[in-house]
Amino acid sequence: MKLIFLCFVSVLLPLTASQSQQLLPDHITLLQLNSELRVPGWGLVTSNTTSTTHDFCSWPGIACYRNKSMVATLDLSRQDLTGNATLISHLTGLTRLDLSYNSFHGPIPSSFADLSTLQFLDLSYNRFGGSLPSQLGRLHNLLSLNLSNNFLTGQLPDQLGGLHMLQDLQLSSNMLNGSIPSWVANLTSLRVFAAYENHLTGSIPDTLGLNSELQSLNLHSNHLIGPIPRGIFTSGRLEILVLTQNNFTGNVPDAIASCAGLSNIRIGYNQLEGVIPKAIANLSSLTYFELDNNYLSGEIVTEFAQCSNLTLLNLASNRFTGTVPPELGQLAYLQELILSGNSLHGEIPHAISQCRNLNKLDLSNNRLNGTIPQDICKMPRLQYLILGQNSIGGEIPHQIGNCTKLLDLQLCCNHLTGSIPPEMGHLKNLQIAMNLSYNHLHGPLPVELGRLDKLVSLDVSANQLTGAIPNALRGMMSLIEVNFSHNSFTGIIPAFVPFQKSPASSFLGNKGLCGEPLSSSCSGTDDFNSNNTHRISYKIILAVVGSVLTVFISVTTVVLLFMMRERQEKVAKAAGVTAEVINKQPLITVGNVFIENLRQAIDFDAVVIATLKDSNKLSSGTFSIVYKAVMPSGIILSVKSLRSMDRTIIHHQNKMVRELERLSRLCHENLMRLIGFVIYEDVALLLHHFMPNGTLAKFLHDPFVTSDCKSDWLTRFSIAAGVAEGLAFLHHLAIIHLDISSGNIHLDANHKPLIGEVEISKLLDPCRGTASISAVAGSFGYIPPEYAYTMQVTAPGNVYSYGVVLLEILTSRLPVDEAFGEGVDLVKWVHSGLIRGETPEQILDAELSTVSFAWRKEMLGALKVALLCTDRTPAKRPKMKKVVEMLKEIVLNR
């Protein structure tokens, strides 16, 4: 075999006989491996034979034994490698092999079993598929095996039971099935066992943990059944227990208290019954405790107060009774207390206000009574106060205005009385919602509410509020959803876009209220009361008038049809469409223009005809085709034609129209605003203003775009910051975009960025929209790596896509380019460039970074943000709100 290697290398490299004799077997293997994998930073043999004998020991990722004759450690993690890794099995002295975070695919090489001295094997975050090689059971010295985040299938082979020294076994985020084999319980040295996000069935072996030093057990998101075995607590060393989203039954074992070091218990979304054992008090290290969405009953034990390090307590959606223990106020580090969806009664204990670090208090959907504690705002970090669907009475305390960090206030469906305190106008950070609906509040709306300029949703429906809706509420510039219905409001609805664009149902049930969007006019009505003679006369007059009107309408209809036909032909000829196309023009089912002053300027026939001509096509995306449409009035529109999916528009047209009307009220300076729509057959056309500067992709990559702004970092940074603001706004409203890319970011006349296809993100949302997604969500080069195995569009996935856009802005390079090399995209190129030690000028657009030190400094700061956003691990990516904050920090020193 050694001879074969030498012959092979002699073909690849021009070595002399004396040189080849000096090469060690591991050196030859590494040269061959480098030829296959092209490892960054690995050298080649030179004419200086004396310096090449052992120089492989200094290559990146390699550590040799003291005599430097053999490789002991091979760490090729995060190198974006792909190819055949079987040659590694010839490095027979390896004790540690790390190939994690690469792009290796195909089956795991069974020849790795020849590495008899191997102690650590990490193949996680690759694309290995197929079943686990049973031959790995021959690695008797193995201490750690990590195969998580691949595409492995099948059952765990029994041969792995031979790994008697194994301490760490991680198999998570694969597609493994079958039951957890009994041999796992026989691994006496096992400390960590993680197999979450698979398709495992059956129960946990009763003996798991009995004969080992188990410290961490994570099996969430499988199909496991049966009770939680007591054995896992026997050693008393368990620190982490995560069994969320399975089908476990039975009780929470009392033996759980024997693990004094247990810090993390997450057993939500199962079918557990019984009570919480009082012995929970023994868990002094407990930090997270989640038992939500089970069938637990009894009272919430006061012994939680002795878990002094507790930061999260979530017992939502169970069958707990009794009161909220005031002892919970002793938990100085508690950040989230979630007890919603139970049958708790009694008052909200005043002692809760002693939880100075509490961020979220959710007691909704219980049977609580009493009043809202006046000192509830003594918790300085409170952001979420959710008390809806209880029987809380009394007045809203004026001290509520002291909750200055509050983001979400939910007090609906209670028995609150009195007036709305004007101090609520002090809640300047309130953004998500203020819901006071279905109470017994009376009096006028305080004008101070107009100061809440960040609030998105206001609901005061089903109360006894009186007076006029104050004009001062027009200061609530972020409003999207309002509901004033079923009160006793009077007067004219203030002229304010969020009001006029709301459905009439948002104002119904107020007899004295008039104006848009209600159909009732605010002018006086005529009095037609008269005697019987006058009534007869009026009947005769009405009959005559009716007959005349019938004839007039019939004639007018015929004339209008001819006129419409003639107008269609004129519009079509102006657009260059043939008569054959005119005859095939489909019938428009429904259409609407949401902006009043544009209704006369937009012609629906012209819109449809424009989409029938290929020369009007501007772009073609995953979910839509975009056309340019010139109206007879001269206004130019961008028309987005949704790709038909299972004739969804026919079956869900009413739902789609309602969603479009709601989306038209979605206003942010960095979002493309929907100005109208047209629907015919199974096609929906969405109307937007035409952007003459095109898309960010065109701005960055089209060589014919020669604007001075293109080479101006300040303009580019402004674009990056604007996109981040728009995306953060969407995430704040729980809207996940389906396709963040530079092609979906449009630039107005001042190069302000506007994110497009927001409507598609809602209309085609597979969870709550009107259609199912049959196409891949996202554009090539922007799709996060986890999408390949989750097929789910998530907020962290949006952050990754934004990171790619930010890298485009910084480097002026396409997200996918052959110049990067096979299988390498922009993200991999940038990350590996930093690992290779390349200078920033080799990564950033040198035409910008070399202009000034100030620009270079800001670009480096933005590069750090982009690297965080494109981390392969979704949990490590920052939220978009944090991204906005980091970008703002970059410009603080300008």
Listed pairs under 3.5 Å, donor-acceptor, residues 135-146 side chains, sequence neighbours left out:
from: Arg138; atom 1: NH2; to: Asp114; atom 2: OD1; distance (Å): 3.1
from: His140; atom 1: ND1; to: Gly162; atom 2: O; distance (Å): 3.3
from: Asn141; atom 1: ND2; to: Ser116; atom 2: O; distance (Å): 2.8
from: Asn146; atom 1: OD1; to: Ser148; atom 2: N; distance (Å): 3.1
from: Asn146; atom 1: OD1; to: Ser148; atom 2: OG; distance (Å): 2.8

Output a table of donor-acceptor pairs, distance under 3.5 Å, between side-chain atoms of residues 296-315 and any protein atom two or more places apart or on a different chain; print 'none' if there are none.
from: Asn309; atom 1: ND2; to: Ser284; atom 2: O; distance (Å): 2.9
from: Thr311; atom 1: OG1; to: Thr287; atom 2: O; distance (Å): 3.1
from: Asn314; atom 1: OD1; to: Ala316; atom 2: N; distance (Å): 3.1

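Rounded to the nearest 0.5 angstrom, Leu339 CG and Leu328 CG are separated by 7.0 Å. Taking NZ of Lys405 as the reference point, atom CE of Met379 lies at 13.5 Å (rounded to 0.5 Å). Between atom CG of residue Leu272 and atom CG of residue Asn318 there is a gap of 8.5 Å, rounded to the nearest 0.5 Å. In this structure, Asn365 CG and Ile386 CD1 are separated by 12.0 Å, a value rounded to the nearest 0.5 Å. Separating the CG atom in Leu214 from the OG1 atom in Thr234 is a distance of 10.0 Å, to the nearest 0.5 Å. Between the CG atom of Leu385 and the OG atom of Ser364 there is a distance of 10.5 Å, given to the nearest 0.5 Å.
Side-chain contact check for Ile180 versus Leu224: some heavy-atom pair is nearer than 4.5 Å. Looking at heavy atoms from C-beta onward, Asn174 lies out of side-chain contact with Phe128 at the 4.5 angstrom threshold. With contacts defined as side-chain heavy-atom distances shorter than 4.5 Å, the pair Asp459/Cys412 does not qualify. Looking only at side-chain heavy atoms (C-beta outward), Leu241 and Ile267 come within less than 4.5 Å of each other. With a 4.5 Å cut-off on side-chain heavy atoms, Leu132 and Leu176 count as touching. Ile276 places a side-chain heavy atom less than 4.5 Å from the side chain of Phe320. Side-chain contact between Ile108 and Leu152: present, with at least one pair of heavy atoms (C-beta onward) separated by less than 4.5 Å.
Note on residues 281-294: pairs passing salt bridge (charged side-chain N to carboxylate O under 4.0 Å, His left out), not counting sequence neighbours, are Arg266-Glu290. Counting only residues at least two apart or on different chains, no side chain to side chain donor-acceptor pair (under 3.5 Å) pair has a member in residues 321-338.
Phe112 meets the ring-ring contact (aromatic ring centres under 6.0 Å, His included) test with no other residue; sequence neighbours excluded. Scored by the salt bridge (Lys or Arg N to Asp or Glu O under 4.0 Å) test, Glu481 finds Arg662 as partners (sequence neighbours excluded). By the disulfide bond (SG atoms under 2.5 Å apart) test, Cys377 pairs with Cys403, sequence neighbours left out. The ring-ring contact (aromatic ring centres under 6.0 Å, His included) test applied to His199 returns no partner, not counting sequence neighbours. Partners of Gln389 according to the side chain to side chain donor-acceptor pair (under 3.5 Å) rule, which considers only residues two or more places apart in sequence or in another chain, do not exist here. In this structure Arg96 satisfies the salt bridge (Lys or Arg N to Asp or Glu O under 4.0 Å) test with no other residue, sequence neighbours excluded. Residues passing the side chain to side chain donor-acceptor pair (under 3.5 Å) test with Asp98, sequence neighbours excluded: Ser100. Under the ring-ring contact (aromatic ring centres under 6.0 Å, His included) criterion, Tyr196 pairs with His220, sequence neighbours left out.
Within a 6.0 Å sphere centred on OH of Tyr269, other residues, nucleotides and ligands contribute 12 heavy atoms or fewer. In the displayed structure, Tyr288 atom OH is contacted under 6.0 Å by at most 12 heavy atoms of other residues, nucleotides or ligands. By the neighbour-count criterion of 12 heavy atoms within 6.0 Å, atom OH of Tyr101 is densely surrounded, having more than that number from other residues, nucleotides or ligands. No more than 12 heavy-atom neighbours from other residues, nucleotides or ligands sit within 6.0 angstrom of NE2 on His105.
Checked by atom type, the side-chain pair Ser221/Glu197 shows no donor-acceptor distance below 3.5 Å. A donor-acceptor pair shorter than 3.5 Å cannot be found between the side chains of Arg381 and Asn359.
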